[in-house]
Amino acid sequence: MAAELSLVAEGVVRLRVAPGLQLRPAQSWSVGHFSAKATAPEIVLSKGVARFNAKGVEVRCDLRTGEFSFLDSSGMEIVRLPGGAIRFEDGKPQLSLALGEREQIFGLGQTSGPLNKRGQTRELWNTDVLGHSRSIHPGLRSLYISIPFVISLRDGRAAGLFWDNAAKQTWEIGVPEGDRCRVNAELGEIDLYVFIGPWLPDILRGYSELTGRMPLPPRWALGYHQSRYSYGSRREVLALAREFRRRQIPCDVIHLDIHYMNDYRVFTFGKRFSKARAMLRELHKIGFRSMAIIDPGIKVDPQYTIYSEARKLRALVLDPSGKKPITGKVWPGESVFPDFTSEKVRRWWAEQQSAFQTEFEIDGFWNDMNEPAAFDGPGKTLDGRAIHRTDFGPKTHAEVHNIYASQMARASRAGALAARPRERPFLLSRDGFAGIQKQAAVWTGDNSSFWEHLGESIPMLLNLGLSGVPFCGADAGGFMEHCTGELLARWTQLAAFTPLFRNHCNDTARAQEPWVFGQETEDICRRYIQLRYQLLPYLYSLFEEAARTGTPLMRPMFWEFQNDADAARVGDQFMLGSALLVAPILQQGGRARSVYLPRGTWFNFWTGEEVKGGQFSLIIASLSTLPLFVRSGSIIPFQELQQHTGEKKIETITLHVWPGAQGRFNWYEDDGISNDFERGISLRRLIEYGEGARGGALVFGEPEGNFASPIKCWRVIVHSKARLKTARLEGQALAGQYVPELGLFIFDVPNLPDTFKVSWK
Ligand code: GLC
């Protein structure tokens, strides 16, 4: 065997092992380069053990047994590959990791089941699974998004491990042997990146630097999305849009599912959507954006230009003989599949999409069925022996199956940028591999309108975030089966706090727009959709942080409280950013639940009541209430309600301040749509909160960047049970008002261009 150990960045070690005497040139679909070079490690050889040391990281390799151990700066072993742990059996790479007694494992992309993956077997093979839960498919091991990256957490110390290999992998995590994690791949070599930690944000910062970060999305993508398989005509789509405005339920995006096409031919509109451009313009006028679904399967039809061009260009995946395109049945019937692993094909596809986008003024694309699904293929996909002519030379489908969707999304992104070079694209993908976050947001595919799936969406989305994919969401209300008013109310409450907020359902399912279940459900949905829109400045700043650092917006409790063993066990509640704790009701008829509030003081968002942390509390919640808590010392910016993200010019931002010893918020703004922020046309400002002897203060830092902010006023709302009387701006009195019934002290401050301080007591 040949092996190579290298320090690729501070705290990131790469280990490559190949079966022969030489490593082959690395071919990666996911990995970029680190910007900063790591310090060269010091190597010491003594008593048969080689030690590599660099800035707080040590790797020990026992040359006699072949054991590798990775130590963090405190000298604690965080990853161990025991002797003989790396093997090749019939050329297939295998590895085995020692699991510590209290070690927990997270990540791996999209998985069903609990947050902690220890005790589960997971197969990394992008798969189209209808109704994806273990209760429907007891042996369920694969879902749509496969990411061979895990985070381990033991006794508050975290480490990360990424195996850069797109072939099918099987992870047996603490099963059958409780103290081992065995990983087998069908093909390829061992190419591991170990992220030493011990801090979670450092691990995701490193992993997302390696595989890429989510580009900052347009602001409209953060709004509420309405979808259905399918709104079937121009008339229906326009009526739907008007209904949102009439009922004053905010909404930004309408998704067009497959029935908009001419007999499922991609890049066409069918008869019932004649005058599609006029329809999309009409939608724009009333503040809607549109997303059009695009599947990879191209209908076999010699009269259809996309098909004939694809044939002519030799742009298609070939069958195992290598002589003709492979076919499979998808929505259009017999279809062929573009070979997105080839640059030439991605370019061609981008041109088609861009022309289609420009002609009809579509705003974004939704890439579906991109395993690729073939209803009549083995495992509902293409034959593993099918042939791709990739950028790295010919490969079988088995070698590239898992990256097919990421490469399709890559083409789609290039197409969107070609159509609108100054705008940020918004794309949605069902499948993905490590790095999908660079190209598209994801949703979790075909869940069902089951209470169980509502609950499962939390660990599923949290693990996606921990796998480097911050922009994710589940179909709110559930895709398959029939939703009920109660389920929709509870699901909308939860989904309003997830990065992607889309209601979508199947053609055979009962409709589930916010109003179909009567007044009570409609009012609840409206309230939470409105809250989402009021929270947009908070969300937008969190999106910017995710785009810059890889930090997920939706975080498991242990992300914020890494040393808290109870926080590490909780998978049915989460943090949105570091200020909001969301603990949805997940049971039919549920009117109460246990909520874990970590140490410190918390505030009930609705009542302002102070709740002591460091304990589990029983929280009562009527149907209209989502248990929601704010961490003390939080500053949360809110904005005035809008019916869509571009409705009004926002000139006042309300900063809610919940007292505590200290707090901070990284404010970010830009124009919300263009790429100008890449040239520094944005504004960043640190807002810090501090508690004084008899009051509190906010310090607005120096703004950074060249964006001319439209904000004229900060309305500060201090939550305080004690009566507050005065507010001052740099010593000058401001008019403030204390509302005793609500326990709020309110005053306005102008948005000054330099650093300034406001205080109150
Ligand atoms: C797939 C998608 C679903 C979509 C349907 C029809 O099942 O996952 O979201 O509505 O296809 O296009």
Side-chain angles (χ1 to χ4, degrees), residues 110 112 126-133 136-137 140 142-145 225-233 236-237 240 253-270 272-273 290-299 328-333 335 337 362 364-377 379-381 404-405 408-409 412 427-432 436 440-450 453 457 460 464 472-483 491 495 500-513:
Q110 187 192 7
S112 59
N126 294 355
T127 308
D128 179 8
V129 188
L130 271 181
H132 56 49
S133 102
I136 300 178
H137 304 277
L140 185 70
S142 304
L143 277 167
Y144 308 91
I145 305 159
H225 300 230
Q226 183 65 49
S227 185
R228 144 135 240 177
Y229 170 20
S230 301
Y231 295 119
S233 67
E236 200 181 340
V237 170
L240 175 83
V253 194
I254 292 183
H255 289 239
L256 302 176
D257 206 327
I258 50 177
H259 290 105
Y260 77 80
M261 297 181 223
N262 171 14
D263 206 13
Y264 310 115
R265 288 174 182 82
V266 281
F267 305 127
T268 66
F269 272 98
R272 300 218 285 160
F273 284 86
S290 61
M291 293 284 290
I293 199 168
I294 300 283
D295 294 345
I298 298 174
K299 186 176 177 70
K329 287 217 164 53
V330 213
W331 306 124
S335 306
F337 301 89
I362 299 160
F365 292 95
W366 163 22
N367 288 339
D368 187 26
M369 310 296 278
N370 47 357
E371 296 75 34
F375 301 145
D376 53 348
K380 253 175 120 178
T381 189
Y404 186 83
M408 177 178 179
S412 195
L427 303 163
L428 186 60
S429 173
R430 183 163 82 171
D431 292 61
I436 181 64
V442 300
W443 94 104
T444 60
D446 298 342
N447 59 3
S448 303
S449 298
F450 294 159
H453 286 198
S457 72
M460 197 175 274
L464 275 165
C472 53
D475 284 344
F479 176 72
M480 310 215 341
E481 306 297 333
H482 307 291
C483 193
W491 211 317
L500 176 74
F501 185 16
R502 181 179 82 152
N503 172 323
H504 177 51
C505 79
N506 198 4
D507 57 346
T508 52
R510 181 191 285 158
Q512 61 187 41
E513 290 81 19

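Both counts, for ligands and for their atoms, begin at 1 and track the order of listing.
Between atom CG of residue D431 and atom CD of residue Q110 there is a gap of 8.5 Å, rounded to the nearest 0.5 Å. One distance of note links CG of D263 with NZ of K299; it measures 4.5 Å at 0.5 Å rounding.
Of the options H504, H259, H255, a ring-ring contact (aromatic ring centres under 6.0 Å, His included) to Y229 is made by H259 and by none of the others.
T268 is linked by a side-chain hydrogen bond (donor to acceptor under 3.5 Å, both in side chains) to nothing, counting only residues two or more places apart in sequence or in another chain. Listed by chain and residue number, nothing satisfies the salt bridge (charged side-chain N to carboxylate O under 4.0 Å, His left out) test with D257 (two or more places apart in sequence, or in another chain). Here T127 pairs with W125, V129, S142 under the side-chain contact (heavy atoms from CB on, under 4.5 Å) rule; sequence neighbours left out.
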Need the list: ligand 1 N/O atoms against protein N/O atoms, distance under 3.5 Å, rounded to one decimal.
from	atom 1	to	atom 2	distance (Å)
ligand 1	7 (O)	D446	OD1	3.4
ligand 1	7 (O)	D446	OD2	2.7
ligand 1	8 (O)	R430	NH1	2.8
ligand 1	8 (O)	D446	OD1	2.6
ligand 1	8 (O)	D446	OD2	3.4
ligand 1	9 (O)	H504	NE2	3.0
ligand 1	10 (O)	D257	OD2	2.5
ligand 1	10 (O)	H504	NE2	2.9
ligand 1	11 (O)	D368	OD2	3.0
ligand 1	12 (O)	D257	OD1	2.6

